[in-house]
Amino acid sequence: MTPSRTRNTTPAFAFGSPSKFSSSGDETPPEYPDLGADPLLFSPGNCPWPSSKPAPYSFLAHVLHQLSQTKSRILLLNILTNALRFFIAHDTASITPSLYIISNSLAPSYVPIELGLGPSVLSKALQSVSGLKSSALRTLYHSLGDPGDVAYAAKASVRTLMPHPPLSIVGVYASLVKISKAKGSGTAKQRQSIVEQLLLSAKGEEVRYIMRTLSQNLRVGAVRTTILTALARATALTRPTNYANLASSSSPYFVSEDVLEIVQPLPDKKGKKKGDMVDEARNVAMTKMAAAESLIKMVFVKHPCFDDIVEAYLSSGLESLAEKVPLTVGTPLLPTLGSPTRSLDEIYARLGSLPFAAEFKYDGQRAQVHAFLPTASSSIGMSSTVQPIVKIFSRHLEDMTEKYPDVVALVREYFTPVGALPPPELAGNTDVDNFPLSSLILDAEIVAWDTDGDTTKSFQELSNRARKDVQLADVTLPVCLFVFDLMYLNSKSLLSEPFRERRRLLRSRFIPRIMPPSLGGARLRHVESVDSDATGEREDVQTFWEHAVESRCEGLMVKLLDSGEILEEEGEEEEEDGGNNKGTSSPKKSKRKTRRKPLPATYEPDKRTSAWLKLKKDYVDGIGDSLDLVPIGAWHGNGRKAAWWSPILLAVWDEKLGRLVAVCKCMSGFTDAFYKALNDRYPENSETCSRVPLGDYECYRSPLDGIGLQPSVYFSPREVWEIRGADITVSPVSVAALGSVSDTRGLSVRFPRFMRVRDDKTIEQATRSDVLAEMWRKQAGASTNGTIRTGVDEGELVDAEIVESEIEEDDYDA
DNA sequence: GTGTCTTGATGAC
DNA sequence: ATCCGACCCATTCGG
DNA sequence: CCGAATGGGTCGGATGTCATCAAGACAC
């Protein structure tokens, strides 16, 4: 069954045949092949562009266009795979730029390079290229909901007089880099002119995808995972020409020509090939592609850099990729992720009786810390003067070392050999390298620290820290590094060690420590935790969870301690084999009513499995904040929500003012059906939805100062929605509860999402702003353990009357 | 020029 | 971060 | 016994609040 190709882009700009690249431009564009075919039956032998030249951007646009014509993952993968095979076969220099362009990036995230372009510059550039006014573009944007589609439409209406040289993929990539390198005064102008050049040179569909790349959202249904799979399959099927002689049919990754030969269907007449042979060859090919896939993914999650991977592949093939591109101290690996759960019951249901650790989930910033001593070559002689190199990466692998010089200093201290003796637990331990420390990668949460109260501070306070070029002396807000995992120690990867062992090493190597204020005052601690097998009592875990919530943590992280198996009810299943031989797995079946599924407790980069479960208080019914708010306005949606209102502006009821006051926007939690129904209830330019306000509500502080939330359209207030959020935040834009917490700031909601319509409530029964303020006080009170200082204001916070409390014990204030 | 305020881009959750 | 929807695969169900 | 229905897993996309920082705009 071949999935049928379905269109999912707006038909407003339909082209001829979906399999042909066509353009509204004046020149006849090159004809490119349909790339959707099964890669095993597809040959990239004929170069679709003049083969001596770099691959043209029009080819990439063709690929992107084909991708956006379908939602089928199989087709998506086929198209991408075949496209990459052309680059491998005919222009290896275009591989990496293509990978970056397809994944909406310019470089690995830990390399600080950004386009620095936004809607304003793009709109100006498009105005200048198309001759259309900004208002015309805005109208187009409201109906199309995508900058690329707007650019395509706008440029389709004009004819360029001067022919422009065709764009190449490497050329476009170079332009993107040039845009991001622009600096200093006049940057915007410079960038705009490069954008204009690109738009002028782009023809037909190229315009759409250039513009989408510039606005950093390609929306073709394929990002990282799909790209990696396609890259793996492409490398399994096609070799670069200069590498052909190294081809070996015995490679576990490379599908040799003779295998491909067998798989091909015979040209009509001599009707039969041995079916068995074909099946077998197909299986061989699939197995090898799957092997390549797991290899490339395994390498990438430990070393997420296309440049390094492609370079190693081109120089010596897949066979030595793992050794050439290893886990590297100084290069971040993808973090393990937690699966959300809604209750402790669910956690036990998922883990059965397997022992786990429950840890506090602090509300701060994830940090992956790398550190190592530079080797002798850079420090001939006095090794004592050599400082360890420390790098700190964020959840998305951005390099944030500059933001935390205090943490850098703290981590360096652990390398200090003076007087350092192995702690007793390590004495005589031979399973790791000896003391002292030489290199490490650890996982942690950085949390703002209240030195006086000896407790954590809120996330909002942490985000007040400066980010760029911070000196130790500049650090005003101390932090605590709550460490919770250790992935690498003294030149040895610990990824395949079970969590219990990694944690043992972490605990024995990193004894809590506080740096003096002169070094920024950062401290290191281990996350607070309990083990389920410590007492075996489920009640203890429940108590611990309550303790976490009271300590204003986000909740718990629950982590499997030892690799095990979970039992799943019902059904029989083929043996799981880790995807290594998909399609060829052994025919053995376990005919039991429960099936076993291995659940590793190893460090699994980028995986969201049951081995790490997060239980956040705002997932759990009855805890966390729920508000009843009134929809009073909206904006035009983008992309797939282009035909709907999204997001929606919501308001609280203000008793004192006797009117509604805007508090936050909301776009999460609505079903498509709900959006459609909303269009019926609030059709544009009607009694219920208009460009002018349709009710007595307040969105701004004053019409003059521009502070506030201004929707594209206003609703007449007539319904109440239950909204769930994680926290109440002090807001520089919201005017809700203005004056009750600060004279200049209102209150808003963190992570708002729609739960249900409250038919039973009138708008006057919506949550009142004083109740909102009360919720904030309660939360702030709990969150600082006695001292309120948000640091985000000018000090005129209303006193929440919280007396210094002594210990963390209990301080649920009256 | 310099200083201050505004705006837009980016990234943390 | 949040959530929803589409797709895919495996398994169960209905005839 | 086969095709249709169903459910879980995975992926992609649209967008929330708040913060900093760089560059632009404007006043002098």
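Each chain gets a letter, A, B and so on, in the order the sequences are listed, and its residues count up from 1.
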## Note on the structure
Among the nucleotides D:dA19, C:dC9, D:dC11, whichever has the atom closest to the side chain of A:Thr226 is D:dC11

Enumerate donor-acceptor pairs with a distance under 3.5 Å from any side-chain N or O in residues 625-636 of chain A to protein atoms, sequence neighbours excluded.
{"unit_1": "A:Ser626", "atom_1": "OG", "unit_2": "A:Glu722", "atom_2": "OE2", "d": "2.9"}
{"unit_1": "A:Asp628", "atom_1": "OD2", "unit_2": "A:Lys761", "atom_2": "NZ", "d": "2.8"}
{"unit_1": "A:Trp635", "atom_1": "NE1", "unit_2": "A:Gln710", "atom_2": "O", "d": "3.2"}

### Closest listed nucleotide, where the reference is the side chain of A:Asp672 and the choices are D:dA22, C:dG5, C:dC8
C:dG5

#### Entry: Distance-only donor-acceptor check, side chains A:Ser72 and A:Thr70, under 3.5 Å
no

### Message
Categorize A:Ser463 for me: base, sugar-phosphate, or nothing, with a 4.0 angstrom heavy-atom threshold over every strand shown.
### Response
sugar-phosphate

### Summary
Applying salt bridge (Lys or Arg N to Asp or Glu O under 4.0 Å) to A:Lys607 and not counting sequence neighbours gives A:Glu604

### Task
Mind calculating the distance between CZ (A:Arg753) and C1' (D:dT17) to the nearest angstrom?
13 Å

### Task
Mind checking salt bridge (Lys or Arg N to Asp or Glu O under 4.0 Å) for A:Glu565 and listing every partner two or more places apart, or none if nothing turns up?
A:Arg596

### Message
Closest approach to the side chain of A:Arg73, judged atom by atom: which nucleotide of D:dA19, D:dC11, C:dT2 is it?
### Response
D:dC11

### Message
What range of DNA chain B does chain A touch, first nucleotide to last, counting atoms under 4.0 Å from its heavy atoms?
### Response
B:dG8 to B:dC13

#### Entry: Atom-to-atom span, CG of A:Leu747 to C1' of D:dG16 - whole angstrom
16 Å

### Query
Which of residues 99-111 of chain A have a heavy atom under 4.0 Å from DNA chain D?
none

### Message
Quick test of your reading: applying side chain to side chain donor-acceptor pair (under 3.5 Å), list the pairs with at least one residue in residues 216-233 of chain A, sequence neighbours left out, ordered by first then second residue.
### Response
A:Arg73-A:Thr226, A:Asp146-A:Arg219, A:Arg224-A:Asp606, A:Thr229-A:Lys297

### Query
Taking only residues two or more places apart in sequence or in another chain, which ones pass side-chain hydrogen bond (donor to acceptor under 3.5 Å, both in side chains) with A:Lys391?
A:Asp399

### Query
Between the side chains of A:Glu196 and A:Ser128, does any donor sit under 3.5 Å from an acceptor?
yes

### Message
The criterion is salt bridge (Lys or Arg N to Asp or Glu O under 4.0 Å); which residues satisfy it with A:Arg395, sequence neighbours excluded?
### Response
none

### Query
Is A:Phe754 touching bases, backbone alone, or none of the nucleic acid, heavy atoms closer than 4.0 Å?
nothing

### Message
A:Glu554: which residues meet the salt bridge (Lys or Arg N to Asp or Glu O under 4.0 Å) condition with it, sequence neighbours left out?
### Response
A:Lys361, A:Lys616

### Query
Is the shortest side-chain N to carboxylate O distance from A:Arg208 to A:Asp149 below 4.0 Å?
yes

### Task
Please list, by residue number, the residues of residues 643-651 of chain A whose heavy atoms come closer than 4.0 Å to an atom of DNA chain D; answer none if no residue qualifies.
A:Ser646, A:Pro647

### Query
Cut-off 3.5 Å, side chains only: do A:Tyr619 and A:Ser343 have a donor facing an acceptor?
no

### Summary
So side chain to side chain donor-acceptor pair (under 3.5 Å) across residues 726-736 of chain A, not counting sequence neighbours, yields A:Asp727-A:Arg750

### Query
Given axes from five pairs at either end, by how many degrees does the helix from C:dA1-D:dT15 to C:dG15-D:dC1 bend, rounded to 10°?
20°

### Task
Nearest 0.5 Å please: distance from the CE atom of A:Met557 over to the CD atom of A:Glu445.
10.0 Å

### Query
Hey, which of these two, A:Arg191 or A:Gly637, hits DNA chain D nearer its 5' end, going by closest nucleotide?
A:Gly637

### Query
Which residue lies toward the 5' end of DNA chain D, A:Arg465 or A:Ala222, if each is placed at its nearest nucleotide?
A:Ala222

